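Since the structure comes first, as structure tokens, the remarks are kept for the end.
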Amino acid sequence: MKSKKSFPLLTVVLCSVLLLAGCGGGNNAADPARAPAATETAAASANPDASDPAAGSTVKPVSFTYYSNYDWDTTEEWGRDSTTKWIADTLKVRMTPIQSSGAAETKFSTMIASGSLPDVIMMDRGANVERLRKPGLLVALDEYLDRYPNLKNNAGEATLNMLRSEDGKLYQFPNWYTSSPNGNGGWIINRKIYQELGSPKLETYDELYAYLKQVKEKYPDVVPLEVGAKGRGIDTMYGGFAENKPYLPKANPVGNTLQSIFEDQVFIENMQYASKLFRERLITQDLFTQTGDQISEKLKTGRVAVYVDGDVVNPGRGADTALRLADPEAGYDIIWPIHKAGLDAAKITPNNYNSLGWNVLVITRNAKDPEAIFSYLDWLTGQEGQRIINFGRQGLYWDEFDADGVPVLNEAGLNTPQGDKDKERIGRFNWVGNTTFIDQTKAKMDAQLPADKQNWTTLAQQKVTWKTSRNFTEFVNLDPLPDSEEGTIATTVNDIYQEVFAKALYAKSDEEVLSLLNKANEDAKKAGYETLLKFQTGRWQNNLSKMQVETAAPSL
């Protein structure tokens with residue numbers, strides 16, 4: 001599902017991801033040690049016409065309220081699509097959404113103050129989770145792990161230990177956790193424009209600059225380089241100025257310490273390059289005001305020559321489909337990440353992933369039956385749940401699955417156009433994505449289709465984005481609590497960052513960009529930046545210690 005947030009630019013790359021598309025995590029193969037009566041529907045494999053498709057499920061009937069703590073996210077009505085209707089009818093699980101209405105932080109704070117928390121909350125790991133845990137507002141999940149074993153079996157002890165709070169307990173149910181590389185960020189190009197311009201070599205930033213100038217001259221109504229809402233694609237560009245170095249928010253790892261991002265030569269070079277493109281009108285000029293829908297419309301009408309962002313494979317698929325309907329020769333192609341001349345292209349990693357995945361779900365103490373809620377989430381993250389939530393209910397596009405749990409496409413699955421499949425909204429309610437299972441399953445299912453019907457997103461992921469992703473698990477959970485000294489500093493530094501990012505793009509020269517970043521660095525240090533970096537360095541080193549112990553453990 002790899003992005004769409006309106007939260008600060010500096011966190012976007014770590015979330016590109018993907019609510020709709022998935023990205024990677026957990027064991028995908030059937031676990032022979034699990035009893036057949038656990039959460040997998042073993043009978044369905046042998047007898048796809050079984051009268052009870054949920055036979056063997058341990059899901060307890062439950063109704064609960066759900067809140068997604070993001071400005072950009074609107075939770076759709078439960079039961080309107082065929083997948084959640086099947087879940088409601090068969091598993092007796094029902095959800096009532098509570099909307100953020102574009103003001104998530106205000107809504108979240110109000111719910112805490114009034115004691116009106118929903119039963120389940122989707123949110124980022126870290127500070128806000130602790131904001132609920134410390135006053136005892138969350139349910140610890142430990143007692144359910146053995147009773148409902150899908151999460152434990154698929155995520156593994158190492159990942160769950162990284163999610164535990166300071167009291168040693170687990171309160172967070174991870175979403176899109178992974179044991180394999182994933183990511184949706186990178187570069188796509190307008191196929192027709194590229195061919196009409198002679199298909200020039202497009203590998204380095206120098207070659208990109210020359211190509212964008214050609215586009216501007218020959219296609220005045222086309223955006224040469226689209227960089228996404230709030231310019232978040234510029235973070236993705238950062239990964240092309242050094243080997244094995246995707247963007248880390250507000251900090252630069254040097255040796256064993258985290259140092260100022262404003263002193264990072266890679267960051268400086270990236271901002272100078274982006275500023276040059278912006279002032280020459282080679283980048284979209286409305287990047288700070290445009291919406292995701294406006295970007296999508298530009299892509300679908302072919303008015304973008306090159307697109308870089310933390311998620312290009314999801315909008316790329318929709319745009320490719322729309323253009324090919326009107327012209328079979330049109331569309332978008334994924335390309336290998338563009339990079340600075342002289343670097344090893346095989347070591348360019350604009351994507352990052354971590355075993356913990358994207359975000360988490362928590363169950364609050366307002367829930368009347370937290371065990372029932374956990375039983376559903378655990379079913380959902382297992383093979384059966386992931387099959388149904390990601391590929392539709394049994395009988396829609398598949399009737400049976402193979403020994404690896406991969407659905408075997410039926411006639412409708414083979415022949416229904418992707419555009420019609422998208423109308424089913426399949427995957428919209430996958431809150432606890434088991435990424436490795438989904439990614440490997442998608443690839444095997446796609447192979448069942450003829451080449452002209454294979455999924456554009458899946459092919460782009462396999463061809464490029466997963467191969468250009470680096471494990472960043474060591475850098476999770478670095479943020480301090482908002483009301484702590486370090487949290488106050490972090491807010492100030494973030495404000496400084498946002499301001500200088502915009503000013504640097506509007507700078508008239510490389511020298512002015514450098515001057516602005518130097519001034520931002522001084523202001524950040526006056527605000528206590530070094531105290532924040534010291535705190536985050538400690539968190540980082542603690543992560544490394546945990547990972548070393550877990551790697552050495554015999555059970556792993």
Side-chain angles (χ1 to χ4, degrees), residues 1-4 17-23 41 44 48 53-54 66 68 73-91 93-95 97 122 175-176 184 292-293 296 300 311 313-322 324-325 376 379-401 405-435 437-439 441-450 452-461:
M1 265 255 16
K2 109 185 210 270
S3 283
K4 308 149 187 167
V17 148
L18 330 327
L19 190 59
L20 295 176
C23 353
T41 311
Y66 167 88
S68 178
D73 194 14
T74 299
T75 305
E76 296 173 12
E77 184 179 339
W78 192 258
R80 290 186 64 180
D81 60 287
S82 64
T83 307
T84 56
K85 185 178 187 305
W86 181 94
I87 292 172
D89 293 344
T90 309
L91 301 179
V93 172
R94 294 173 174 83
M95 179 275 292
M122 173 177 275
N175 182 26
W176 298 119
N184 291 339
D293 288 342
S296 178
K300 288 181 177 180
D311 177 13
V313 301
N314 286 305
R317 182 185 69 186
D320 184 74
T321 299
R324 289 178 65 185
L325 284 174
Y376 169 67
W379 170 84
L380 186 62
T381 206
Q383 280 194 17
E384 181 182 64
Q386 291 294 283
R387 244 191 327 268
I388 291 171
I389 205 72
N390 278 281
F391 307 112
R393 56 181 173 77
Q394 188 174 7
L396 181 61
Y397 296 128
W398 58 277
D399 299 317
E400 56 185 358
F401 52 88
V406 178
V408 178
L409 293 171
N410 57 23
E411 184 176 351
L414 291 169
N415 297 314
T416 302
Q418 184 62 48
D420 291 340
K421 288 182 179 179
D422 290 344
K423 295 176 183 177
E424 286 281 345
R425 306 294 287 157
I426 295 170
R428 185 65 182 87
F429 290 91
N430 191 3
W431 302 321
V432 288
N434 178 344
T435 315
F437 174 73
I438 291 304
D439 284 350
T441 299
K442 283 195 304 181
K444 292 176 181 177
M445 290 182 68
D446 215 45
Q448 300 173 33
L449 296 168
D452 62 336
K453 292 184 179 179
Q454 291 183 1
N455 188 287
W456 190 97
T457 293
T458 302
L459 292 174
Q461 290 170 328

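Only a predicted model underlies this, so the values are computations on that prediction, with no experimental measurement involved.
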With sequence neighbours excluded, tell me which residues meet side-chain hydrogen bond (donor to acceptor under 3.5 Å, both in side chains) with Q448.
none
Residues at least two apart in sequence or cross-chain that pass side chain to side chain contact (heavy atoms under 4.5 Å, CB included) with R94, listed by chain then number, are S63, W78, A88, K92
Contact summary for D311 and V313, nearest pair of heavy atoms
OD1-N, 3.3 Å
Under 3.5 Å, side chain of N175 to main-chain N/O of G433, donor-acceptor pair present?
yes
Using atom types as modelled and distance alone, determine if a side-chain donor or acceptor of K421 lies under 3.5 Å from a backbone N or O of F391.
no
Sorted by chain and residue number, the side-chain hydrogen bond (donor to acceptor under 3.5 Å, both in side chains) partners of Y397 (sequence neighbours excluded) come out as none
Taking all atoms of both residues into account, what is the closest heavy-atom pair of I388 and T83, and its distance?
O-CG2, 3.5 Å
For S296, the side chain to side chain contact (heavy atoms under 4.5 Å, CB included) test, sequence neighbours excluded, returns K300
Donor-acceptor check, side chain of D320 to backbone of G316, threshold 3.5 angstrom: yes or no?
no
Sequence-distant partners of D420, salt bridge (Lys or Arg N to Asp or Glu O under 4.0 Å), two or more places apart:
K423
Determine whether a donor-acceptor pair (N or O, by modelled atom type, separation under 3.5 Å) exists between the side chain of E400 and the backbone of P407.
no
Hits for salt bridge (Lys or Arg N to Asp or Glu O under 4.0 Å) against E424, two or more places apart or cross-chain, chain-then-number order -> none
Which residues pass the side chain to side chain contact (heavy atoms under 4.5 Å, CB included) test with D89, not counting sequence neighbours?
K85
D446 meets the side-chain hydrogen bond (donor to acceptor under 3.5 Å, both in side chains) criterion, sequence neighbours left out, with none
Closest non-hydrogen atom pair between T74 and R428, with its separation:
O-NH2, 3.0 Å
Rounded to the nearest 0.5 Å, how far apart are CD1 of I389 and CD1 of I426?
9.5 Å
Non-neighbouring partners of T75 that pass side-chain hydrogen bond (donor to acceptor under 3.5 Å, both in side chains), sequence neighbours left out:
none
Partner residues of Y376 under the ring pair (Phe, Tyr, Trp, His ring centres under 6.0 Å) criterion, sequence neighbours left out
W379
When every non-hydrogen atom of F429 is compared with those of E77, the smallest separation belongs to CZ-O, 4.1 Å
With R317, which residues qualify under side chain to side chain contact (heavy atoms under 4.5 Å, CB included), at least two apart?
T321, Q418, D422, N455, W456, T457
Closest non-hydrogen atom pair, R393 against S82:
NE-CB, 3.6 Å
